[in-house]
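Inspection log for the structure reproduced underneath, given as structure tokens.
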Amino acid sequence: MSQLADPVILAIDTGGTMTDTILIDRRGHFVVGKSQTTPQHEASGILASLRDACRQVDKELEDVCPGLELVVYSGTIMLNRLVGREGVTPIGLVTTAGFEDTLRMVRGDVQSWKDLSIAERLHAVSHFPPEPLIERRFVKGVRERVLPTGHVMIPLYEDDVRDAARELVRLGAKAIVVAFLCSFANPDHELRAEELVREVLAEAGTDVPVSLAHRIHPVFGEGGRLNSVVIQVYAAEPSREQFRTLRREFEAAGAAAPVRILTNYGTMVSPEYDRLVHVVKSGPTGGILGAKFLGDVYGLGYLMATDVGGTSFDVGAVLDGKPILRDQGIISRYWVNLPQVAVDSIGAGTGSYVTVDRVTGRLRIGPESASYRIGTAWPEGGVETVTVNDANVVLGYLDPDYFLGGQVKLDPERALAALTAQVAEPMGVSAHDAAWGIHNLVNLQMRLFLQNSLLGMGFGPEQFHVAAFGGGGPLHAAGYTDGIGFAGVMIPAWAPGFSAFGAACADFGMRHEISTSIYSPPRPGVRPGPIALSIMQGVHQMLPPGLRAQVDERVERGEAFEEAMR
């Protein structure tokens with residue numbers, strides 16, 4: 001690491017607890033920096049982490065930044081904002097009349113039950129659906145209807161839009177989403193509604209962001225589509241200005257390198273990218289890409305990537321040298337039809353809160369977390385509830401004088417007192433037995449989740465290696481892999497900064513996935529909308545020469561282009 005020459009790549013991972021940076025030179029040598037995450041001003045934590053990396057190679061920030069050629073960001077700040085319900089609120093929604101309850105009803109079979117514990121699935125009395133991110137009184141239906149073909153069945157009632165916008169302004173909406181049914185096939189109504197909403201905002205002398213669904217996520221499937229759009233406005237858009245601030249901070253330090261963001265599916269985009277919801281899960285994606293890189297280096301095609309962070313335990317797989325991609329999934333209990341690397345998570349991390357159930361007298365870990373505040377062992381964090389970190393400090397697994405490389409000093413006696421009062425005494429055991437029980441229980445939760453993730457794909461463990469990383473990966477790996485029968489366990493020396501390392505392994509370039517939907521009408525004579533027609537024309541250019549000639553011949557005989565394409 002000390003042989004690092006002038007670095008050209010800076011990769012970043014902002015987790016719920018720590019911010020990691022990795023500087024890489026042209027020979028592939030690298031050094032990892034760490035600092036506490038600063039959610040309200042991400043740039044502060046990132047620059048502090050970068051300074052830590054610079055100190056390890058006797059350089060200053062101003063010496064490194066001018067030579068950078070690429071800055072790539074990944075992180076879980078947006079995801080944590082969604083999990084903690086700390087996004088933009090209130091949001092107003094203008095949608096097609098009759099579909100005002102889509103957010104509450106969307107895919108109830110999936111959205112209401114997935115990611116719940118086994119106990120909550122078995123006993124419906126403890127089951128509850130996720131609360132929509134937009135209150136019902138902020139949802140306004142307007143009369144309009146576009147068919148999946150793009151054909152207008154009911155014209156837009158413009159007075160309805162004006163009335164809806166005025167009411168949302170009166171209620172104090174801080175952002176307005178316009179999402180009409182089938183606007184992916186014909187966006188004319190959304191575009192006109194945007195004009196009307198902005199007119200009302202101007203009349204009221206206010207200015208709030210207006211987002212259109214067809215620009216953010218133009219795909220079929222109203223529930224997942226609407227969730228995706230709302231998640232962008234609620235949780236992702238607040239980070240856009242953070243990215244711009246980060247870019248300005250780097251420019252002030254002399255960096256001319258472009259700032260790119262890792263997507264959910266492993267490519268990079270600009271902070272100005274319209275579909276910012278495509279980067280919400282960039283942090284977990286970085287870890288999977290890093291595991292793939294290790295597999296390529298060591299000739300291992302099958303790996304389970306396991307990330308133990310301060311907030312969650314994330315699991316993903318590499319099969320035959322390739323990460324698994326999905327076109328839909330759950331983000332914090334909300335079903336979305338977004339492209340993403342397959343990563344599943346549970347709320348079991350080193351910062352997870354530990355409590356004793358008052359009814360059963362049993363330990364309960366997570367899913368709530370102290371996040372970057374670590375636990376009661378760090379007095380400055382203000383945490384009063386015991387965490388897994390506290391148990392590890394009491395057991396001696398964490399050096400209280402060298403947490404975060406010595407940047408954070410922990411108080412073992414404070415952790416011991418809190419653990420005794422909150423866990424040991426209520427359970428009638430010694431403090432050290434309680435700490436050992438917490439350590440084993442969180443390992444068990446991780447082990448069961450890892451095993452179920454593997455078996456759920458239809459594989460046995462014997463051909464898989466485990467890549468264990470994250471701040472708590474090396475500490476807990478022996479516990480959560482014990483007895484499963486994996487082919488091997490790999491713990492990178494740079495495990496605490498591994499997701500940042502994985503971000504640097506992503507495909508470079510302004511690549512992104514464009515998703516849209518085309519509906520082929522059952523009746524002749526119904527023309528497709530402009531988006532569907534333009535896609536047909538693009539597909540026409542990619543047809544094999546013989547097939548393209550057949551289409552052209554049918555058009556010459558007088559058939560409509562769209563009928564010839566079908």
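- Taking 4.0 Å as the cut-off between side-chain N and carboxylate O, Arg170 and Glu167 count as a salt-bridged pair.
- The distance from the OG1 atom of Thr267 to the CD1 atom of Ile261 is 11.0 Å, given to the nearest 0.5 Å.
- Between Arg364 and Glu368, at least one side-chain nitrogen of the basic residue sits less than 4.0 Å from a carboxylate oxygen of the acidic one, meeting the salt-bridge criterion.
- The two atoms that bring Arg225 and Ala213 nearest to each other are NH2-CB, 3.4 Å, heavy atoms only.
- Between Arg85 and Glu131 no salt bridge is recorded (no basic side-chain N to carboxylate O distance below 4.0 Å).
- Rounding to the nearest 0.5 angstrom, the gap separating the OG atom in Ser282 from the OH atom in Tyr265 is 11.5 Å.
- Residues that satisfy the side-chain hydrogen bond (donor to acceptor under 3.5 Å, both in side chains) test with Arg143, not counting sequence neighbours, are Asp160.
- Minimum heavy-atom separation, Ile330 to Trp335: CD1-CA, 3.7 Å.
- Rounding to the nearest 0.5 Å places CZ of Arg104 at 12.0 Å from CD1 of Ile134.
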Show your working on side chain to side chain contact (heavy atoms under 4.5 Å, CB included) between Tyr73 and Glu42 and close with a plain yes or no.
-> CA-CA 11 Å; Tyr73 168 97; Glu42 283 188 70; 2.6 Å; yes
Between Met457 and Ile324, does a side chain to side chain contact (heavy atoms under 4.5 Å, CB included) hold up when you go through it step by step?
-> CA-CA 11 Å; Met457 294 187 296; Ile324 302 174; 3.5 Å; yes
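- Across all their heavy atoms, Ala500 and Ala11 have their closest contact at O-CB, 3.1 Å.
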Stepwise side chain to side chain contact (heavy atoms under 4.5 Å, CB included) check, Val169 with Leu201 | CA-CA 7 Å; Val169 169; Leu201 293 174; 3.6 Å; yes
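- With respect to Val197, the side chain to side chain contact (heavy atoms under 4.5 Å, CB included) criterion is satisfied by exactly one of Val208, Leu168, Ile176: Ile176.
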Pair Asn452-Phe449, side chain to side chain contact (heavy atoms under 4.5 Å, CB included): steps then yes or no = CA-CA 5 Å; Asn452 289 341; Phe449 185 71; 5.8 Å; no
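- The one candidate from Arg275, Lys281, His217, Gln328 that meets the side chain to side chain contact (heavy atoms under 4.5 Å, CB included) condition with Leu338 is His217.
- Under a 4.0 Å N-O distance rule, the pair Arg326/Asp344 qualifies as a salt bridge.
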Evaluation steps, salt bridge (charged side-chain N to carboxylate O under 4.0 Å, His left out), between Arg248 and Glu241 = CA-CA 10 Å; Arg248 289 193 293 268; Glu241 186 55 39; 3.0 Å; yes
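- With respect to Thr19, the side-chain hydrogen bond (donor to acceptor under 3.5 Å, both in side chains) criterion is satisfied by exactly one of Asp13, Thr37, Thr14: Thr37.
- Atom CD1 in Ile12 sits 13.5 Å away from atom OG in Ser499 (nearest 0.5 Å).
- Note that CG of Leu93 is 5.5 Å distant from CG of Leu226, once rounded to the nearest 0.5 Å.
- Atom CD of Gln40 has 12 or fewer heavy atoms from other residues, nucleotides or ligands within 6.0 Å.
- Here the CD atom belonging to Gln232 is positioned 12.5 Å from the CG atom belonging to Leu82, to the nearest 0.5 angstrom.
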Please report the C-alpha distance between Arg373 and Thr387 in whole Å, then the side-chain angles of each, then the deciding distance to 0.1 Å, and finally whether the side chain to side chain donor-acceptor pair (under 3.5 Å) criterion is met.
-> CA-CA 10 Å; Arg373 296 180 297 158; Thr387 68; over 6 Å; no
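- At a threshold of 4.0 Å, the pair Arg215-Glu190 does not count as salt-bridged, since none of the basic side-chain nitrogens sits closer than that to a carboxylate oxygen.
- In this structure, Glu203 does not pair ionically with Arg162, as no charged nitrogen and carboxylate oxygen lie closer than 4.0 Å.
- The side-chain hydrogen bond (donor to acceptor under 3.5 Å, both in side chains) test applied to Arg192 returns Glu158, Glu195, not counting sequence neighbours.
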